[in-house]
Amino acid sequence: MTDPIAPQILIVDDARDIREPLGQYLRKQGFRTRLAANAVEAREILAEAGIHMVVLDIMMPGEDGLSLCRWLVAHDGPPVLLLTAMADETDRIVGLELGADDYLVKPFNPRELLARVRAILRRAPPEVAAPPSGRRVFAGWLHDPDALSLAHEDGRRVDLTSAENRLLGIFLDQPRHVMSRATLLDLTAGREAKAYDRAIDNQISRLRRKIEDDPKKPQILVTEWGGGYRLVAEVAPEGPERGA
C-alpha cells in the first residue's frame, strides 16, 4: 500500500497507454499518483488535491502542455517535468524557458523518468515536496491543506492557490513568530527565478484579501516594519466538534 504521506505526482498525458502504466510504475516506487487525460482534467485535480509535482506531455489536443506549464509557473504551481515526442529541440527549449524543471523525450526508460522525478523533488524545498500539515483552526478559519481551502465559522469558503496554501501553512506552523522575507523566500520559492522580495509581498496581499475582514488594515497577518510578517492568531488542530 502506498504511504499516505508520500509525495503525490500528477501525470498529464492524452495517451492512456502511457499515463496508466506510468502511474502504476510510480505507485510501485512509493509515490501517490493522479492521472489526467488533458489540461481541463489536470486543472480540476490541481484545484482539489495536494500535488507535489506534474509530469506533463507537451503534445495534447485542446490546451497543450506548454500552455498548462505557463499557467502552472504563473500561479506558483508544483515543479514540472515535460514529456515530448518531438525530435525538434524547439518545444523543449521553450518549455524550459517557461519555467519547466526538466524534460524527457519519448520513448523513455521508466527508470530514467524515476531518477529525474526524484532529482526534481530533492531540489524542491521541503514545504513543496512534503505533504501539508493537518487541518488547523485560526481566527475563525479552518485550513484544509489537502483541499487547498479555507472554511470560516460563518459559512464562507475560500479556495487557495498552491502558493497561498504553502505560505499560510508556514505561518500556521509558527504563529506569532516574525517571518522575514528572506526566510519566506527560502521556504516557499520552488524556482530560483521567482526568488525576489516583491513576490512574497504579492502573495501576502492575495492571502490577506481572502482571510482579513479589511485587507488594508490586517488583524491576522500583520506587517512588522523592517522585520517581515507575523500571524498573530492562536492556532490549534481541528477539534472533533468542528470536523463532525
Side-chain angles (χ1 to χ4, degrees), residues 2-13 15 18-36 39 42 45-46 49-60 64-132 145 161-163 165-167 169-170 184-196 199:
T2 303
D3 188 337
I5 67 170
Q8 184 160 229
I9 299 174
L10 172 61
I11 302 168
V12 189
D13 197 311
I18 291 178
R19 70 175 182 273
E20 293 191 354
L22 183 54
Q24 293 173 2
Y25 176 74
L26 290 176
R27 283 193 292 273
K28 288 180 180 179
Q29 304 305 315
F31 295 98
R32 294 180 295 149
T33 61
R34 298 290 298 271
L35 308 180
I45 293 172
L46 287 161
I51 299 298
H52 302 91
M53 180 177 169
V54 179
V55 177
L56 176 60
D57 183 32
I58 288 181
M59 298 296 292
M60 295 188 297
D64 65 17
L66 292 178
S67 174
L68 182 58
C69 178
R70 182 184 297 109
W71 181 83
L72 284 165
V73 173
H75 290 80
D76 295 308
V80 176
L81 170 63
L82 291 175
L83 301 180
T84 175
M86 301 290 291
D88 190 349
E89 293 185 347
T90 302
D91 280 348
R92 301 199 294 274
I93 293 171
V94 170
L96 293 173
E97 289 177 343
L98 287 175
D101 295 79
D102 203 350
Y103 71 87
L104 197 56
V105 178
K106 298 179 181 179
F108 53 83
N109 186 318
R111 292 180 61 185
E112 181 179 359
L113 182 138
L114 175 63
R116 291 175 184 269
V117 165
R118 286 174 170 165
I120 290 172
L121 290 175
R122 281 197 300 270
R123 293 197 298 267
E127 285 69 25
V128 176
T161 67
S162 58
N165 195 52
R166 290 197 300 271
L167 185 61
I170 290 167
L184 292 170
L185 284 169
D186 288 342
L187 293 173
T188 62
R191 300 176 177 87
E192 290 184 2
K194 289 189 171 297
Y196 58 95

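Because only heavy atoms are used, hydrogens play no part in the values below, and waters and symmetry mates are left out as well, while side chains stay in.
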Novice: Atom CG in L46, atom CG in L68: separation rounded to 0.5 Å?
Specialist: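 Rounded to the nearest 0.5 Å, the CG-CG separation comes out at 7.0 Å.
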Novice: Given the rule in the side-chain contact (heavy atoms from CB on, under 4.5 Å) test, do Y103 and I58 qualify, once you have shown the distances and angles that lead to the verdict?
Specialist: CA-CA 10 Å; Y103 71 87; I58 288 181; over 6 Å; no
Novice: Between V117 and Q29, is any pair of side-chain heavy atoms under 4.5 Å apart?
Specialist: no
Novice: Tell me, please, which residues at least two apart from S162 pass side chain to side chain donor-acceptor pair (under 3.5 Å).
Specialist: none
Novice: For V80 and C69, work out which heavy atoms get closest and say how close.
Specialist: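 The answer is CG1-SG, 4.3 Å.
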Novice: Nearest 0.5 angstrom please: L72 CG to L98 CG, how far?
Specialist: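 Reported to 0.5 Å precision, the distance equals 10.5 Å.
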Novice: Who pairs with D64 by salt bridge (charged side-chain N to carboxylate O under 4.0 Å, His left out), at least two apart in sequence or on another chain?
Specialist: none
Novice: For the CD1 atom of I51 and the CD1 atom of I9, what is their distance to the nearest 0.5 Å?
Specialist: 9.0 Å
Novice: Say whether, by atom type as modelled, one donor and one acceptor occur between the side chain of D102 and the main chain of L81 under 3.5 angstrom.
Specialist: no
Novice: List for me each residue that meets salt bridge (charged side-chain N to carboxylate O under 4.0 Å, His left out) alongside R19, sequence neighbours excluded, and say none if there are none.
Specialist: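 Partners of R19 by the salt bridge (charged side-chain N to carboxylate O under 4.0 Å, His left out) criterion come out as none, since no residue qualifies.
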Novice: Pair L83, L113 - check side-chain contact (heavy atoms from CB on, under 4.5 Å), show working.
Specialist: CA-CA 10 Å; L83 301 180; L113 182 138; 3.9 Å; yes
Novice: Using 0.5 Å steps for rounding, measure from the CE atom of M59 to the CG atom of L66.
Specialist: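 Answer for the CE-CG pair, M59 versus L66, is 9.0 Å.
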Novice: Could you tell me the separation between the CZ atom of R122 and the CZ atom of R118, rounded to the nearest 0.5 Å?
Specialist: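 Between atom CZ of R122 and atom CZ of R118 there are 8.5 Å.
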Novice: What are the two closest non-hydrogen atoms of P78 and V54, and how far apart are they?
Specialist: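 The answer is CG-CG2, 3.7 Å.
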Novice: Any chance you could measure I11, atom CD1, to L22, atom CG, to the nearest 0.5 Å?
Specialist: 4.0 Å
Novice: Taking it one step at a time, do L26 and L114 satisfy side-chain contact (heavy atoms from CB on, under 4.5 Å)?
Specialist: CA-CA 7 Å; L26 290 176; L114 175 63; 4.2 Å; yes
Novice: Heavy-atom distance under 4.5 Å between the side chains of Q8 and I45, does that happen here?
Specialist: no
